[in-house]
Amino acid sequence: MATVTDTQHAPHSHKPSGLSRWLTATNHKDIGTLYLWFSFTMFLSGGVMALCIRAELFHPGLQFFQPELFNQFTTLHGLIMVFGAIMPAFTGLANWMLPLMIGAPDMAFARMNNWSFWLLPPAALLLLTSFAVPGGAAAAGWTLYAPLSTQMGMGMDMTIFAIHIMGISSIMGSINIIVTILNLRAPGMTLMKMPMFAWATLITAYLIIAVMPVLAGAVTMVLTDRHFGTHFFNAAGGGDPILYQHVFWFFGHPEVYIMALPAFGIVSHVIPTFARKPLFGYTSMVYATSSIGILSFMVWAHHMFATGMPATAQLFFMYATMLIAVPTGVKVFNWIATMWEGAMTFETPMLFAIGFIMLFTIGGLSGVTLSVAAVDIALHASYYVVAHFHYVLVAGALFSLFAAIYYWFPKMTGKMYNERLGKLHFWWSMVWFNVTFFPMHFLGLAGMPRRIPDYALQFTTFNEIASVGAFCFGLGQLIFLYNMLVSIKYGEPAPQKPWEGADTLEWQIPTPAPYHSFTEAPDLEVAENGAIRAIKGGQHH
Amino acid sequence: MMESSEQTHYFVPSPSRWPLVGAAALFCLGLGAALTVNGLGSGKVLLALGFTILIWMLFGWFGDVIRESLNGVYHGKEDMSFRWGMGWFIFSEVMFFAAFFGALFYVRTISVPELGDITHKLLYPDFSAAWPLATGPGITQHYEAVAAWGLPAINTLLLLTSGATVTLAHWGLIRGQRRQLVLGLLLTVLLGASFLTLQFIEYHHALTELNLTLSAGAYGMTFYMLTGFHGLHVLLGTIILFVVLLRVLRGHFDEHNHFAFEAAAWYWHFVDVVWLLLFVFVYWL
């Protein structure tokens, strides 16, 4: 068995071209690229919906949209950003970078990898075309709470099946990530030495496999309640609408960390690189990530304080939620300690990473505020909650994604991005993000409810500020798109290692990364956080 | 067989059209299902098309994998990937069932007792929090529950026996005794088919004589959803084992190289364990 037959080499000797390169891809870099462009497209579509929401909320009263359509926008904006933009973007980055960072030839299941991706466009199509069916798209909020979701028109069914398809996609993508990390690390790349990004995606993938099937179960119950006469969420037959909330949030809370942990992984590489110091407290970072992975299953009912539950349960979920602030705090302090006395420079990835730390911490602290059951009852479903989760999802997940794209752009494309435009993109986003979302804290504290197209007059000024901020923020993302498109074509050629402080494996191979990297596994000598001390062997073509 | 730790090369398949075909299949299935549940006729056509494409894809894709396996491109590391992958897939299935078991435990310990307590007397004066739940404004039919110690008990025996026969087949495989392997697999497939037949009879009995349907309140919905999804998994497991049997008859697999067999066996044991939980919590208690 030890003789390697030549059939294994033959298919790789040339790079496929044309459309079939993308349609039939088994190359992790091609599939990663597909994921990233898809997620950016979804980011723009979800962004347009957000701007529709902000346009309507610019003034009190109804301007542009009827409440029904407004609700469809809030619902689809959430679903598309979560399942179409953020999650696929992280999966795309994992696809691109994991094999390069751990010395694997590709993802463990290269064909299934392509299926994971190609399931996403059909699901997105189902979601987007549901606007055109009678009754319009789903309008129950992205959480699809029963009994709203057990009513409504065909758009809800399309959403349910879209969620099933996206669930299959992310479960397969996650199996791929886990198996690649557990089985395909190059010799020397041990678990307690491997890059934080690998650790973060490993735990994230585990969370996805654990909770996406639960979401599938929840929406299946919605479907049978709608069409097959079951009473899961209907008290008339012994069921309970609150059951939906429990099942949904058992998925929904780990989902929050599914969108946060990969961001932690990215920042744990960008900060050390531009501080030119090793990551402070690597081992504690690993343990913090793992403990977030475990704790995230024990806090779901903090989304339901206003729903009503026994006081003991409220206390349990409140304290368990506060407990998550500990490992998260460990991470924030470690990043700060990494920068301490570092020789820092502030290229675009570093700016986004530092912006991430500042704003994610604000979002984390408003999260701790919301975890206090007594406070949450006043703030539940208010704009304070909207402010909170946009601080962790936009300034958190999205900023880390921008950091990652700028950071790895040279390795992916072989070109340098335009640094001036990158910095402009950062400062533009940083300013207008805060203009958009910071006033929402005040709106929420003053009592403005979320998911409402109209509001009382006293909320006008802050809503106007937020709407102006949102349009400027949205416009600023075109700077990013322009920078990417122009730099891919006309950017200056990038060296093998454009960042002085970068020390992980992907910077040890040529730029742009060869189409097939590490077709033979290298022998590595690795320090913590995937820093390469010595490399022997390893082939690319 | 090469140790996976010594292997420096890993098989990466060449470009394949099957994933794209599979995506087209699921799109047809998703849209077709959405149209069908809303009573739109074109949905059924799309569903049929989706299933046809899906089956075509499964034959094509698994065909490729089997050919690669026979050509000897899979070694220790690829084999280990398959094993990890199957394990995590089964874990995802466990979590899917967990959602429905969660719903069962929730209605039995929280929502039904609560609807029967004093605070709900004004709303539902005739409600009695018994299990199986027979009263409630949404329950319009009189029905009876399925008894545990009839067909379900026999089905428990069938599945437990099939767990033993698949192990018998496994022993035959690793000891190179093909007759024992074939016999064990054949018995397992037959036991699976018998289980499905008995479940069909049981469903028929429940629907026609016990008047038990999906819409028969909390009992009916948890009964059919849990046993129904489990039945689908038994069906799938039986088909997988049957395909493995066909491959055995064609001379595939040897003492070292038989991941497909083990994956089928793992899946079968998983289905078995789910059934035991079903028997205890759906039929018995």
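This is a predicted model, so every value here is computed, not measured. Just so you know, these numbers use all the heavy atoms, side chains as well, and skip hydrogens, waters and symmetry mates.
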### Query
What pair of heavy atoms forms the shortest contact from A:His231 to B:Ser215, and how long is it?
CE1-O, 3.2 Å
### Query
Parallel, tilted or perpendicular for A:His246 and B:Tyr106, by the 30°/60° rule?
tilted
## Note on the structure
In terms of heavy-atom pairs under 4.5 Å with chain A, the winner among B:Gly116, B:Ala218, B:Ser92, B:Gly136 is B:Ser92
#### Entry: Minimum side-chain heavy-atom gap A:Leu182-B:Met80 below 4.5 Å
no
### Query
More than 12 heavy atoms of other residues, nucleotides or ligands under 6.0 Å from CG of B:Leu122: is that the case?
no
### Message
With a 6.0 Å cut-off on the ring centroids, do A:Trp115 and B:Trp61 count as close?
### Response
yes
### Task
Might you confirm whether atom CH2 of B:Trp266 has over 12 heavy atoms from other residues, nucleotides or ligands at distances under 6.0 Å?
yes
### Student check: side-chain heavy atoms of B:Trp18 and A:Thr24 closer than 4.5 Å
no
### Task
Starting at CE of B:Met221, measure out to CZ of A:Phe228 and round the result to the nearest 0.5 Å.
15.5 Å
### Task
Please look at A:Thr159 and chain B and tell me whether the side chain, the backbone, both or neither of the residue comes under 4.5 angstrom of a heavy atom of that chain.
neither
### Heavy-atom closest pair, residues B:Gly22 and A:Leu119
O-CD2, 4.5 Å
#### Entry: Residue B:Ala33 versus chain A: region with a heavy atom under 4.5 Å
both
### Query
Would you say A:Asn114 and B:Leu20 make side-chain contact, with heavy atoms under 4.5 Å?
no
#### Entry: When B:Ala216, B:Ser111, B:Ala129 are compared by non-hydrogen pairs under 4.5 Å with chain A, the top option
B:Ser111
### Message
Testing the basics here: between B:Ala34 and A:Met154, what is the closest heavy-atom pair and its distance to 0.1 Å?
### Response
O-CG, 4.1 Å
### Task
Under 4.5 Å heavy-atom distance to chain A, tell me which part of B:Glu93 shows up: side chain, backbone, both or neither.
neither
### Heavy-atom side-chain proximity of B:Met225 to A:Thr220 below 4.5 angstrom
yes
### Query
Above 12 or not: heavy atoms from other molecules or residues under 6.0 Å from CZ of B:Phe51?
no
### Query
Does atom NZ of B:Lys44 have more than 12 heavy-atom neighbours, drawn from other residues, nucleotides or ligands, at distances under 6.0 Å?
no
### Query
Got a donor-acceptor contact below 3.5 angstrom from the B:His9 side chain to the A:Glu520 backbone?
no
### Task
Tell me, for B:Met86 versus chain A, whether the close heavy atoms (under 4.5 Å) come from the side chain, the backbone, both or neither.
neither
### Task
Under the side-chain contact (heavy atoms from CB on, under 4.5 Å) rule, what do B:Asn38 and A:His227 come out as? Steps first, then yes or no, please.
CA-CA 8 Å; B:Asn38 285 284; A:His227 296 290; 3.8 Å; yes
### Task
Side chain from CB out, backbone as N, CA, C, O: work out which of these in A:Ile171 comes under 4.5 Å of a heavy atom of chain B, or both, or neither.
side chain
## Note on the structure
Between A:Phe109 and B:Ser81 the two heavy atoms that sit nearest each other are CZ-O, 3.1 Å
#### Entry: Nearest atoms (heavy-atom pairs only) where A:Gly237 meets B:Leu133
O-CD2, 3.4 Å
### Contacting region of B:Phe229 [heavy-atom separation from chain A under 4.5 Å]
side chain
### Task
Indicate yes or no: at least one non-hydrogen side-chain atom of A:Leu184 is less than 4.5 angstrom from one of B:Lys77.
yes
### Closest-packed option against chain A by number of heavy-atom pairs under 4.5 Å, given B:Thr222, B:Val37, B:Asp64, B:Ile139
B:Val37
### Summary
To the nearest 0.5 Å, atom CG of A:Asn183 lies from atom CG of B:Asp79 at 9.5 Å
### Contact origin within A:Ile178 toward chain B - heavy atom pairs under 4.5 Å
side chain
### Query
Which heavy atom of B:Leu115 sits nearest a heavy atom of A:Gly239, and at what distance?
CD1-O, 4.2 Å
### Task
Rounded to the nearest 0.5 Å, what's the gap from CG on B:Leu31 to OG1 on A:Thr129? Could you check?
7.0 Å
### Query
Going by distance alone, is a donor N or O of one side chain under 3.5 Å from an acceptor N or O of the other, for A:Asp106 and B:Tyr10?
no
## Note on the structure
CZ of B:Phe89 to CE of A:Met172, rounded to nearest 0.5 Å, is 10.5 Å
### Query
Looking at CE of B:Met95 and CE of A:Met212, how far apart are the two atoms once the value is rounded to the nearest 0.5 Å?
12.5 Å
### Among A:Val133, A:Val214, A:Leu223, A:Asp30, residue most engaged with chain B (heavy-atom pairs, under 4.5 Å)
A:Val214
### Interchain contact, B:Leu40 with chain A, by part (heavy-atom threshold 4.5 Å)
side chain
### Task
Would you mind checking which part of A:His164 comes under 4.5 Å of any heavy atom in chain B, side chain (CB onward), backbone (N, CA, C, O), both or neither?
neither
#### Entry: chain A contact via B:Tyr219 - side chain, backbone, both or neither, heavy atoms under 4.5 Å
neither
### Interface moiety of A:Ile242 toward chain B, non-hydrogen atoms closer than 4.5 Å
both
#### Entry: Greatest number of heavy atom pairs closer than 4.5 Å to chain B - which of A:Phe232, A:Phe250, A:Trp118
A:Phe232
### Query
Relative to chain B, which segment of A:Ile165 carries a heavy atom at a distance below 4.5 Å: side chain, backbone, both, or neither?
side chain
#### Entry: Residue selection (most heavy-atom pairs with chain A, distance under 4.5 Å) from B:Tyr224, B:Phe82, B:Phe127
B:Phe82
### Query
What option among A:Ala110, A:Ser174, A:Ala108 has the most heavy-atom pairs under 4.5 Å with chain B?
A:Ala108
### Message
Does any part of the side chain of A:Asp240, heavy atoms only, come nearer than 4.5 Å to the side chain of B:Val107, both counted from C-beta?
### Response
no
### Task
Report yes if some heavy atom in the side chain of B:Val65 is under 4.5 Å from a heavy atom in the side chain of A:Arg111; otherwise report no.
yes
### Message
Rounded at 0.5 Å granularity, tell me how far CD1 in A:Ile177 sits from CH2 in B:Trp88.
### Response
12.5 Å
